[in-house]
Number of protein chains: 2
Amino acid sequence: MAAVNLKQLAKILNLSISTVSKALRDSHEIGDATKERVLAKAKEMDYTPNPFASGLRRNKSKTIAVVVPEVANNYFSLAINGIERIAQENDYHVLIYLTHEDIEKEKGIMKHLENKRVDGVLMSVTMNTNNQSHLSDFQQKGIPIIFFDRICNEIETAKITTDDYISGMNATNHLIENNCKDIAFLSLGDDISIMQKRKSGYLEELHKNNMEAPPERVIKCGNDDEMNYDLIKKLLSGKNKPDGIFASVEKLAITTYQVCRELNINIPKEVKIICFSNLETASLLSPSLSTITQPAYNIGKTAAEVMFKYLDKNKTYIPNENIVLQSTLHIRESSQQIV
Amino acid sequence: MAAVNLKQLAKILNLSISTVSKALRDSHEIGDATKERVLAKAKEMDYTPNPFASGLRRNKSKTIAVVVPEVANNYFSLAINGIERIAQENDYHVLIYLTHEDIEKEKGIMKHLENKRVDGVLMSVTMNTNNQSHLSDFQQKGIPIIFFDRICNEIETAKITTDDYISGMNATNHLIENNCKDIAFLSLGDDISIMQKRKSGYLEELHKNNMEAPPERVIKCGNDDEMNYDLIKKLLSGKNKPDGIFASVEKLAITTYQVCRELNINIPKEVKIICFSNLETASLLSPSLSTITQPAYNIGKTAAEVMFKYLDKNKTYIPNENIVLQSTLHIRESSQQIV
DNA sequence: ACTATTTACGCAAACGATGTAGTAATTTTA
DNA sequence: TAAAATTACTACATCGTTTGCGTAAATAGT
């Protein structure tokens with residue numbers, strides 16, 4: 001029942017603890033015959049080193065943390081999938097922490113992680129993270145952070161993102177080409193870099209087409225689904241409603257669908273919709289949803305790979321590096337002009 | 001940069017290490033004045049105990065593991081959400097491991113966890129877990145396991161499930177009431193208890209209505225989406241196709257939608273569909289998808305709560321207990337007779 | 001054949017926190 | 001007032017591994 005440890009192994013083998021330890025770690029100090037004997041007995045007795053003792057001694061946790069706003073989210077769950085895969089390959093363990101878009105929770109989590117519980121952190125900040133002091137403090141403790149998607153520009157480290165600015169332009173351009181004259185942008189907060197980029201792409205594309213929108217066409221949504229529903233409902237009520245909607249995140253597009261259903265607004269006839277999304281069922285929606293789809297799995301995978309590249313070398317300092325993966329535009333019914 | 005430890009704190013305070021340790025743990029052996037002094041300095045110096053040292057000494061990891069087949073899955077991600085919430089409330093950390101429905105990977109993961117890295121495990125087994133020896137071995141090591149949803153009956157512990165048998169009957173009955181004469185059941189493997197129950201409910205309801213189906217109406221799908229696609233396509237091709245489909249898991253219903261689209265089969269006119277699902281967008285699909293929806297968040301939450309009930313009492317033995325939460329039937333277009 | 005080197009192992013000190021046992025000094029009790 | 005009890009602390013062993021150093025025996029070198 002109780003786990004077997006080095007001391008017991010050593011006694012049975014009639015060797016010292018250190019010999020057994022070194023044999024298991026394949027040290028050159030130990031003879032081949034002894035090594036084999038130790039390995040065999042260790043396997044027989046089902047010995048596995050106590051991670052707390054090793055962690056304490058070597059100051060290595062063999063664990064990384066993933067800090068994200070949500071897990072019940074197609075994008076983040078795919079990213080976690082990619083991360084977990086690479087972690088398993090590297091014999092690492094993955095701790096998961098959810099901020100629920102609450103910056104205070106984010107701060108608390110980072111505080112909890114400061115004491116070397118993890119060798120590194122992969123994170124996407126909350127939509128409200130407009131101040132990075134808790135992150136730079138954390139970094140100062142000597143634990144590397146790598147950001148993916150929702151990055152924090154002020155922190156020097158590796159950042160994995162997609163081409164959000166270009167995608168923002170492309171999505172907007174697509175709506176314009178489909179004859180939209182009045183396009184609204186649904187933002188998730190407006191603090192974080194990813195939103196700025198998507199919005200900039202949107203604004204720039206409007207500008208290029210001489211279609212500058214009034215500021216109220218940028219709707220600042222938040223984490224409260226009901227409030228978002230009301231905001232979008234207000235946007236789509238009355239006669240001054242837009243004929244195109246570019247949702248910066250999936251859930252805002254879903255809410256828009258729901259609002260349209262309630263208000264009996266026809267998509268895409270009355271209003272065309274496109275959004276960033278990793279929804280598997282996008283093509284099965286009514287109407288099928290046009291999306292900019294991020295390579296979520298690969299983003300997670302890449303973030304983890306970069307982390308392990310440094311951890312393997314025992315480097316806790318990760319220089320600035322921007323890795324940009326490409327999103328793909330999937331045009332479906334929701335954004336197309338009916339001909 | 002380097003984390004401050006008890007020794008440094010003690011030196012600065014001119015106290016012994018043990019005094020500081022006890023003061024921080026609010027021991028009665030320490031005077032109030034000293035306690036305050038220690039607390040203040042600890043906060044000032046941002047001291048947090050080294051988790052490996054504490055873990056080693058107290059034989060407690062303050063960590064639980066969640067072992068599930070997938071995370072990019074609406075059901076499991078919601079369950080994880082519930083688990084993480086309760087873990088945070090209890091000051092616990094959550095390790096996540098994905099089996100990808102691979103029983104060998106599941107075995108490997110359990111092996112990895114045997115060495116007291118975690119205080120407990122919450123798990124949903126793979127669709128192929130037809131042998132529980134790796135799980136009972138694990139339990140023998142003195143680490144409690146609690147199952148949710150995909151339980152293992154042979155292991156004595158707490159199990160959180162939904163009323164799968166009843167739900168299976170209800171879903172089948174609903175299809176019958178909507179005039180289905182030939183209902184197929186899409187199973188995910190057939191090894192695990194949850195599938196047996198859902199299938200039993202289906203078979204029993206058919207029996208009650210004198211509608212026994214031939215064995216080939218139970219389609220044993222697997223983890224390979226393309227193979228599932230082919231299986232379902234075969235089922236729905238030709239004239240001998242069923243007029244009702246009961247999918248035991250969400251992804252099989254999605255695949256069915258895709259097949260129907262390819263084969264130009266009208267849902268619900270030609271074939272009616274209902275499935276177990278936590279898909280947020282079920283009502284936005286074309287046609288909207290009828291579902292049996294499990295209280296996934298609460299299942300995760302409950303599993304975690306039961307775990308902490310025992311961990312708090314330092315009990316590693318969890319007696320058999322079956323906690324059954326209710327699923328809810330959401331009737332939408334995909335399963336209804338058009339009148 | 002005698003020293004120099006290598007091989008193969010053991011000893012013991014960490015890593016940081018915890019808790020038992022011990023000890024002065026103070027306070028209480030009979 | 002002497003003995004007993006309480007208070008407020010310190011010393012030290014311990015959890016299980018890892019690793020630098022020491023050392024005896026075996027081997028190599030001249």
Side-chain angles (χ1 to χ4, degrees), chain A residues 1-39 41-42 45-63 91 114-119 141-142 314, chain B residues 1-39 41-42 45-63 91 114-119 141-142 314:
Chain A
M1 159 139 174
V4 45
N5 59 21
L6 278 187
K7 198 197 283 189
Q8 299 164 33
L9 249 186
K11 192 189 292 178
I12 290 182
L13 287 162
N14 234 334
L15 289 169
S16 76
I17 292 178
S18 51
T19 302
V20 176
S21 171
K22 286 170 185 168
L24 290 171
R25 319 195 100 254
D26 201 27
S27 159
H28 65 94
E29 293 183 57
I30 305 299
D32 291 339
T34 310
K35 273 184 194 171
E36 272 182 49
R37 212 161 61 90
V38 172
L39 260 330
K41 202 67 178 178
M45 298 189 60
D46 212 20
Y47 168 80
T48 67
N50 180 307
F52 291 93
S54 308
L56 176 59
R57 180 59 223 244
R58 315 187 78 186
N59 204 27
K60 275 263 171 204
S61 61
K62 282 277 185 182
T63 304
D91 251 304
E114 279 183 359
N115 48 14
K116 300 298 283 171
R117 180 181 289 276
V118 295
D119 296 341
K141 301 278 176 178
N314 266 308
Chain B
M1 162 142 171
V4 44
N5 59 22
L6 279 187
K7 197 197 283 190
Q8 300 163 34
L9 248 186
K11 192 189 292 179
I12 289 181
L13 287 162
N14 234 336
L15 289 169
S16 76
I17 292 179
S18 47
T19 302
V20 177
S21 171
K22 285 171 186 165
L24 290 171
R25 319 195 100 253
D26 202 27
S27 160
H28 66 96
E29 292 184 56
I30 306 299
D32 290 340
T34 310
K35 273 184 193 169
E36 272 182 48
R37 212 159 62 87
V38 172
L39 259 331
K41 203 68 179 176
M45 298 188 61
D46 211 21
Y47 168 79
T48 67
N50 180 307
F52 292 92
S54 308
L56 176 59
R57 181 61 222 248
R58 313 185 80 182
N59 205 24
K60 275 264 171 202
S61 62
K62 282 277 187 181
T63 305
D91 250 302
E114 279 183 359
N115 49 14
K116 299 297 282 172
R117 180 180 288 276
V118 295
D119 296 341
K141 301 277 176 177
N314 265 310

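Naming: A, B, ... by sequence-line order, numbering from 1 per chain.
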Trainee: Listed by chain and number, what are the salt bridge (charged side-chain N to carboxylate O under 4.0 Å, His left out) partners of B:Lys116, not counting sequence neighbours?
Mentor: none
Trainee: Can you tell me the distance, in whole Å, between the CG atom of B:Asp26 and the P atom of C:dG19?
Mentor: 13 Å
Trainee: Would you please name every residue forming a salt bridge (charged side-chain N to carboxylate O under 4.0 Å, His left out) with B:Lys62, sequence neighbours left out?
Mentor: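 Per chain and number, B:Lys62 pairs via salt bridge (charged side-chain N to carboxylate O under 4.0 Å, His left out) with no residue.
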Trainee: Please report, rounded to the nearest Å, how far the P atom of D:dC9 is from the CG atom of B:Leu24.
Mentor: 14 Å
Trainee: Atom CZ of A:Arg25 and atom C1' of C:dA8: how far apart are they, to the nearest Å?
Mentor: 19 Å
Trainee: Show me the donor-acceptor pairs within less than 3.5 Å that the side chains of residues 4-14 of chain A make with the rest of the protein, sequence neighbours left out.
Mentor:
{"residue": "A:Asn5", "atom": "OD1", "partner": "A:Lys7", "partner atom": "N", "Å": "3.3"}
{"residue": "A:Asn5", "atom": "OD1", "partner": "A:Gln8", "partner atom": "N", "Å": "3.1"}
{"residue": "A:Asn5", "atom": "OD1", "partner": "A:Gln8", "partner atom": "NE2", "Å": "3.3"}

Trainee: Calculate the interatomic distance between B:Lys11 atom NZ and C:dG16 atom C1'; express it in whole Å.
Mentor: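 B:Lys11 atom NZ is separated from C:dG16 atom C1' by 15 Å.
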Trainee: Expressed as a whole number of angstroms, how long is the span from A:Asp32:CG to C:dT7:P?
Mentor: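 Taking CG of A:Asp32 and P of C:dT7, I get 11 Å after rounding.
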Trainee: Can you name the residues that form a side chain to side chain donor-acceptor pair (under 3.5 Å) with B:Asn50, not counting sequence neighbours?
Mentor: none
Trainee: Using a heavy-atom cut-off of 4.0 Å across all strands, would you classify B:Thr34 as base, sugar-phosphate, or nothing?
Mentor: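 B:Thr34: backbone/sugar contact only, no base atoms under 4.0 Å.
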Trainee: Please collect all salt bridge (Lys or Arg N to Asp or Glu O under 4.0 Å) contacts where either partner lies in residues 20-31 of chain B, sequence neighbours excluded, each pair once.
Mentor: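 Every pair satisfying salt bridge (Lys or Arg N to Asp or Glu O under 4.0 Å) with a residue in residues 20-31 of chain B: B:Lys22-B:Glu29, B:Asp26-B:Lys35.
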Trainee: Whole-Å distance between C:dA17 P and B:Leu9 CG?
Mentor: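 The answer, rounded to whole Å, is 9 Å.
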Trainee: Spell out protein contact along nucleotides 10-15 of chain D as letters: B when the base is contacted, S when just the sugar-phosphate is, - when no protein heavy atom is under 4.0 Å; keep the 5' to 3' order.
Mentor: BB-BBB
Trainee: About how many Å separate CG of B:Asn115 and OG of B:Ser61, when rounded to the nearest 0.5 Å?
Mentor: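 Spacing of OG (B:Ser61) from CG (B:Asn115) equals 10.0 Å.
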Trainee: Identify whether any heavy atom of B:Ser54 sits under 4.0 Å from a base atom; if not, whether one sits that close to sugar-phosphate; answer base, sugar-phosphate or nothing.
Mentor: sugar-phosphate
Trainee: Which whole-number value in Å describes the distance from B:Leu13 CG to D:dA8 P?
Mentor: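 Rounding to the nearest Å, CG of B:Leu13 and P of D:dA8 are 17 Å apart.
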Trainee: What is the separation between atom CG on A:Asn115 and atom P on C:dC15, rounded to the nearest whole Å?
Mentor: 18 Å
